[in-house]
Number of protein chains: 2
Amino acid sequence: MPELPEIYNISEQLNKEIVGLVITNSTIFQEKSINIKTKDFNNSIINQEIFNVTSRGKWVFITFKSLDKLFINLGMGGDLLYTTEIPKKKHQAIINFDNGYLLSFRFWWFGYIHFVKKGETHHMTNKLGIDIFRDNITKKEFLTLVKARRGSLKSFLLNQKNIAGIGNYYIHDLLFKSKINPLKKIPEVSTRKLGMLYNVILSEFEDSISKRGAHYELDIYNQKGLFQANNVAYKEGELCLCGTKIKKVKTGSTSSYYCPRCQK
Amino acid sequence: MPELPEIYNISEQLNKEIVGLVITNSTIFQEKSINIKTKDFNNSIINQEIFNVTSRGKWVFITFKSLDKLFINLGMGGDLLYTTEIPKKKHQAIINFDNGYLLSFRFWWFGYIHFVKKGETHHMTNKLGIDIFRDNITKKEFLTLVKARRGSLKSFLLNQKNIAGIGNYYIHDLLFKSKINPLKKIPEVSTRKLGMLYNVILSEFEDSISKRGAHYELDIYNQKGLFQANNVAYKEGELCLCGTKIKKVKTGSTSSYYCPRCQK
DNA sequence: TGGATAAACATAGA
DNA sequence: CTCTATGTTTATCC
């Protein structure tokens with residue numbers, strides 16, 4: 001499940017590669033991935049020229065010269081490859097360009113490629129929260145945002161309407177490095193720790209982006225990233241750096257792994 | 001806080017006393033209690049003849065011959081007296097009839113006397129749930145209704161959108177007599193106990209109505225009711241009939257008192 | 001817990 | 001936690 005650093009990286013790579021290219025063909029293998037009929041989708045994007053590519057949270061935005069857009073979400077695992085040959089692995093969609101290259105969209109489960117006409121809004125992204133990286137959010141703004149709420153900090157961070165881009169892989173590491181217990185509610189966490197969390201998010205994401213994302217995700221060139229988090233092991237009973245056994249707790253629909261000694 | 005039995009009793013008493021009477025005057029001391037301007041309210045009801053009086057849950061409905069209506073809610077404590085003399089206790093409204101009698105509305109806190117024109121709907125009562133007593137709900141209907149939900153049974157019963165008329169006084173007794181622990185969620189309660197609960201609600205309400213309501217509430221003649229619940233004491237540590245100490249637990253915004261032995 | 005409303009939280013579904 | 005929709009609870013207001 002690619003999160004902010006991977007999506008940021010993918011969008012920047014695409015921005016380098018496909019701006020100015022024109023779409024010559026499009027093949028949809030899974031109509032559930034798109035938001036309109038396949039025929040309409042193809043008619044809408046073929047012959048369009050790419051204007052730019054950017055991202056917000058876990059969403060990639062491809063803007064055409066016409067200002068129509070594609071909103072792409074890779075869902076729970078998936079990749080977006082830029083290549084000349086159709087990949088052998090099962091994919092949901094292929095988009096061809098006039099330079100002989102193509103984009104292959106592969107979703108492990110749910111994923112979206114939504115076409116949105118110029119000026120129209122997209123219901124899945126118009127409520128997206130801040131992208132702490134692209135929006136140049138200051139620590140003060142971050143603290144104001146967080147402290148307005150009283151629920152669990154982990155839920156807050158994972159909710160894309162608050163802060164877009166944090167998912168289940170990075171959250172453990174972010175909380176570990178900020179020494180925050182994943183069960184805590186926002187009012188129970190000191191301002192100092194919330195400030196530390198802000199620093200950690202920025203530095204961790206910058207670090208990961210510079211390494212082209214997480215080690216188990218692919219970039220558009222089919223290359224794995226070099227970033228490895230996992231300061232807190234993903235198995236109950238494994239040892240933290242401090243020697244304490246990692247604890248597993250249910251936090252909503254997923255679990256959290258944390259060190260009872262380091263994360264108070 | 002009058003609940004179904006008291007409200008049922010008040011509406012039936014009114015139905016015996018005021019049908020056919022004509023309103024000659026109306027005085028509003030607290031404009032927050034009504035839904036339109038005082039002047040409009042008075043103009044709307046003066047000279048109207050009472051057609052009938054009925055109730056649903058904690059609401060009293062006075063219908064005029066014109067089919068305009070008054071929707072009355074006594075809120076958290078309050079009384080509605082039918083008398084010839086203006087009561088000395090502070091009241092929010094007085095309505096006079098052509099036989100020399102008057103209705104005095106007294107609210108301890110929030111209470112409503114809403115005027116609704118013929119055919120129009122009233123937003124506070126149009127989502128009201130069933131009145132188990134007036135609607136002749138069968139046990140099967142009751143079970144279907146309850147079992148469609150998964151939240152706490154106590155919340156379900158107190159929510160006027162589900163079943164109208166149960167409040168904080170009767171709820172303890174109803175759960176005690178049904179041997180249901182007030183902390184249970186609906187799926188955790190056996191069908192047998194839910195069926196028992198249905199019987200208990202009907203029998204308890206019938207009993208209370210026959211005694212003109214709870215012992216601490218007043219009917220329209222300023223007389224206290226004769227019904228006493230309190231099988232489960234309202235003080236932590238007091239003894240249940242079985243000798244076990246009553247336990248107090250938080251259930252949402254209020255507390256529940258229950259016998260850990262009798263109410264499993 | 002009287003009732004409205006909004007936010008917060010939980011769960012199922014696609 | 002990918003996102004939506006729905007249900008349920010909590011908090012605050014009047």
Side-chain angles (χ1 to χ4, degrees), chain A residues 1-4 7 30-33 35 57-59 71-78 107-112 114 122-129 148-172 185-187 250-256, chain B residues 1-3 7 30-33 35 57-59 71-78 107-112 114 122-128 148-172 185-187 250-256:
Chain A
M1 44 193 102
E3 303 177 26
L4 189 144
I7 294 299
Q30 174 52 274
E31 201 167 20
K32 280 188 182 174
S33 303
N35 57 332
K58 302 175 188 173
W59 288 82
F71 289 72
I72 297 156
N73 186 302
L74 299 182
M76 303 177 75
F107 308 132
W108 172 67
W109 204 357
F110 303 108
Y112 311 109
H114 285 180
H122 179 242
H123 68 112
M124 283 186 174
T125 53
N126 60 7
K127 282 173 195 158
L128 226 45
R149 305 301 206 70
R150 275 161 304 170
S152 119
L153 178 61
K154 191 187 172 202
S155 299
F156 176 88
L157 295 171
L158 288 170
N159 185 339
Q160 305 300 304
K161 286 171 194 152
N162 303 137
I163 296 180
I166 301 175
N168 205 36
Y169 176 63
Y170 287 95
I171 188 70
H172 296 93
K185 287 174 188 291
I186 291 168
K250 279 272 171 199
T251 49
S253 56
T254 47
S255 293
S256 279
Chain B
M1 46 193 100
E3 303 177 26
I7 294 299
Q30 173 53 273
E31 200 166 20
K32 281 187 180 172
S33 304
N35 57 332
K58 301 176 189 173
W59 288 82
F71 289 73
I72 298 156
N73 186 301
L74 299 182
M76 303 176 75
F107 308 133
W108 172 66
W109 204 359
F110 303 108
Y112 310 110
H114 285 180
H122 179 240
H123 70 283
M124 283 186 177
T125 53
N126 61 6
K127 284 173 195 156
L128 226 45
R149 304 303 205 69
R150 274 162 306 170
S152 114
L153 178 60
K154 191 186 170 203
S155 299
F156 175 88
L157 294 171
L158 289 171
N159 186 337
Q160 305 300 305
K161 286 172 193 149
N162 303 137
I163 296 179
I166 301 176
N168 205 34
Y169 176 65
Y170 286 97
I171 188 70
H172 296 93
K185 286 173 189 288
I186 289 167
K250 278 270 170 200
T251 49
S253 55
T254 47
S255 294
S256 279

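Below, all heavy atoms of this structure are taken into account, side chains as well, without hydrogens, waters or symmetry copies. The sequence lines fix the lettering, A, B, ..., with proteins before strands; numbering per chain opens at 1.
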- Which pair of non-hydrogen atoms, one from B:Pro187 and one from B:Arg149, has the smallest distance, and what is that distance?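 Looking at all heavy atoms of both residues, the closest pair is CD-O, 4.4 Å.
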
Identify whether any heavy atom of B:Lys127 sits under 4.0 Å from a base atom; if not, whether one sits that close to sugar-phosphate; answer base, sugar-phosphate or nothing.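 No contact at all - B:Lys127 keeps every heavy atom at 4.0 Å or more from the nucleic acid.
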
### Message
In whole Å, measure the gap between the P atoms of D:dT8 and C:dT1 for me.
### Response
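That atom pair is separated by 22 Å.
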
Validation: residues 160-168 of chain A side-chain donor-acceptor distances under 3.5 Å, sequence neighbours left out:
{"residue": "A:Gln160", "atom": "OE1", "partner": "A:Gly165", "partner atom": "N", "Å": "2.8"}
{"residue": "A:Gln160", "atom": "NE2", "partner": "A:Leu158", "partner atom": "O", "Å": "2.9"}
{"residue": "A:Gln160", "atom": "NE2", "partner": "A:Ile166", "partner atom": "O", "Å": "3.1"}

B/S/- along nucleotides 4-14 of chain D (protein heavy atoms under 4.0 Å) is S---SSSSS-B

Holding to side chain to side chain contact (heavy atoms under 4.5 Å, CB included), I want the full list of residues that pass it with A:Lys32, two or more places apart in sequence or in another chain.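 Scan of A:Lys32 (side chain to side chain contact (heavy atoms under 4.5 Å, CB included), adjacent residues dropped) gives A:Gln30.
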
Using 0.5 Å steps for rounding, measure from the [atom1] atom of [X] to the [atom2] atom of [Y].
X	Y	atom1	atom2	answer
A:Ile186	A:Phe156	CD1	CZ	5.5 Å
B:His123	B:Asn35	NE2	CG	8.0 Å
A:Met124	A:Phe71	CE	CZ	12.0 Å
B:Lys58	B:Asn73	NZ	CG	8.0 Å

- Task: Indicate whether OP1 or OP2 belonging to C:dG3 is found under 4.0 Å from a side-chain N or O atom of B:Trp59.
- Result: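 For C:dG3, OP1/OP2 do have a side-chain N/O of B:Trp59 under 4.0 Å.
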
[X] has an atom [atom1]; how far is it from atom [atom2] of [N], in whole Å?
X	N	atom1	atom2	value
B:Leu158	C:dG3	CG	C1'	14 Å
B:Gln160	C:dA4	CD	C1'	14 Å
B:His114	C:dG2	NE2	P	16 Å
A:Leu4	D:dC1	CG	P	17 Å
B:Ile163	C:dG2	CD1	P	15 Å
B:His122	C:dG2	NE2	P	16 Å
A:Asn168	D:dT2	CG	C1'	12 Å
B:Leu74	C:dG2	CG	C1'	11 Å

TODO: Consider the side chain of B:Lys58, meaning its heavy atoms from C-beta on, and name the nucleotide among C:dT1, C:dG2, C:dG3 that approaches it most closely.
DONE: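 So the nucleotide nearest the side chain must be C:dG2.
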
